[in-house]
There are 2 protein chains.
Amino acid sequence: MPSKITSHMSAIPDQPSVISVLGACSMLNPLTETEMQLLGEQSFMAYAERGEMIWLAGSPSHIVAVVGSGFVKMTRSTPQGSEVAIELLGPGQCLGLVVAIEGREYPLSAIAVTHSWYLKIPARALMEIYNSNPNLRDHIVRSLGPRLRKAHDMMARMSTGKVEQRIAAVLLILADSYGEALTDGTRIAVPLTRQDLAEMAGTTVETSIRVMSRFQKDGVVSTDKQVITIRDTAALSESLLA
Amino acid sequence: MPSKITSHMSAIPDQPSVISVLGACSMLNPLTETEMQLLGEQSFMAYAERGEMIWLAGSPSHIVAVVGSGFVKMTRSTPQGSEVAIELLGPGQCLGLVVAIEGREYPLSAIAVTHSWYLKIPARALMEIYNSNPNLRDHIVRSLGPRLRKAHDMMARMSTGKVEQRIAAVLLILADSYGEALTDGTRIAVPLTRQDLAEMAGTTVETSIRVMSRFQKDGVVSTDKQVITIRDTAALSESLLA
DNA sequence: CGAGCCGTATGACAGGCATCATAGATGCTG
DNA sequence: CAGCATCTATGATGCCTGTCATACGGCTCG
């Protein structure tokens, strides 16, 4: 339970129920009613405020988490020390599942990008179900495909091209996953700092600021309270080709 | 069957038997004897010479392939047109499995890096077994974990750091997967051009040549007939940190 | 309210690397 | 054997971008 509810911080969003989060998790769709119930009894909600670490890369994977509300980024630090954001996860998405099945340490750190509620499922509880439910396995295989593909996609984009193109790519991908259609554009419904953006594009804060300033001056995007809105998707897509 | 056996090309290596390739494929380990047999009857060996395309990204995934001998690279072209090598696969490894299960088009092109024999398994034949064999699913999930992790690893390395570090990283990863221990170093048992290296490190041929020349001058690596040998692993690892 | 922190913004500067150009070396081909 | 393709190699040049430095607004806290 979050103890410090002080006036200064934005109000803590309502705590979702265990059942509702389990039900909203696409990965756990194929579970039977009783399996859901069993899992729910052993799991519990947790809260992380903005910037808080949920787990650190290298620690043992005792927990599988499901995002209830808010957004979580998975990061990895390079040998040189800088952080690279690998994935951004929203409500209903699952963290640390594959690695828990393999029984090894978390390869990525999980950090809350916004104030977030998430469900902590003991890895052992999930493994019991995994071992007896072939449908769950099929589901996992199928959900891993897109993830792998997205990773390859990012690899291709990151390892080549100029920073402006990489940032444009990141914005478009984010819009694809978390965008809300507006009359005059697409709003990426996650508050992201320039730093977050830089980590995702594999660059520095300064450069991401510069590029975003340029985009804003050109009317391609706009930012309001760290929420980015794409005003001209076509122009942004074109800047990929430059 | 390869028809042109001319004197000039290096002799075509012996064709492995269908059974031997199936047996050597770690991914298909959990198959029963009869399942293996069934699969073998519907599959057939194919040959690709160096540089030959096995399949093109975007085509329908009717075939799952298993490398019998030789090496195959999986590549993706960026919006700007350059090719990026995502994975390098050797004997016993499996191409296009996940995407075939999902029934979508190949996301990556497969190109033979050396003269290669590979087994072509009709996707439908494999799917029948996948649908009825939970052990296979478990196996796939567990094998996807490391792959995903490797992809994340590469993402982190590629999206930051200098080219010299990326090439060093590529060499070390290759040595890890395909290295043969020698008395005076580790030989990467795949003939790779500077172009191949450049694609894996996400840079240009010229730069990869320059970096490799530097490494050779420093006695860190040596090349003989496109086969790279790491002479000083410690020095190479150190250059990651710079 | 002043101090401090965080996020955004902008400038100066140097160095890395992509690009273009050229050339030698090797091996296959007609 | 001359011709051609492929791979390796090296130089010149200019832009991109990482680094360092400074500044400003908003927010929280004492």
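Just so you know, these numbers use all the heavy atoms, side chains as well, and skip hydrogens, waters and symmetry mates. In what follows, every chain begins at residue 1, and chains take the letters A, B, ... in the order their sequences are listed.
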Polar side-chain atom of A:D218 near backbone of A:F215 as donor-acceptor pair, under 3.5 Å = no
To the nearest angstrom, the NZ-C1' distance between B:K225 and C:dC28 comes to 12 Å
Integer-rounded Å distance: D:dC15 C1' and A:Q165 CD = 14 Å
Tested for salt bridge (charged side-chain N to carboxylate O under 4.0 Å, His left out) against A:K73, the lone hit among A:E52, A:E199, A:E83 is A:E199
On the 0 to 90° scale, with breaks at 30° and 60°, tag the A:Y178-A:F71 ring pair as parallel, tilted or perpendicular.
-> perpendicular
Could B:K150 and B:E87 be called an ion pair, given the rule that one side-chain N must be under 4.0 Å from one carboxylate O?
-> no
Quick one: does B:V66's side chain get under 4.5 Å of B:K120's, heavy atoms only?
-> no
Donor + acceptor pair across side chains of A:S239, A:E164 (<3.5 Å) | no
B:E83 CD to C:dA18 P, in whole Å, measures 17 Å
Mind calculating the distance between CD (B:E52) and P (D:dT6) to the nearest angstrom?
-> 15 Å
Heavy-atom protein contacts under 4.0 Å, nucleotides 5-17 of chain C, coded B base, S sugar-phosphate only, - none | --SBBBBB----S
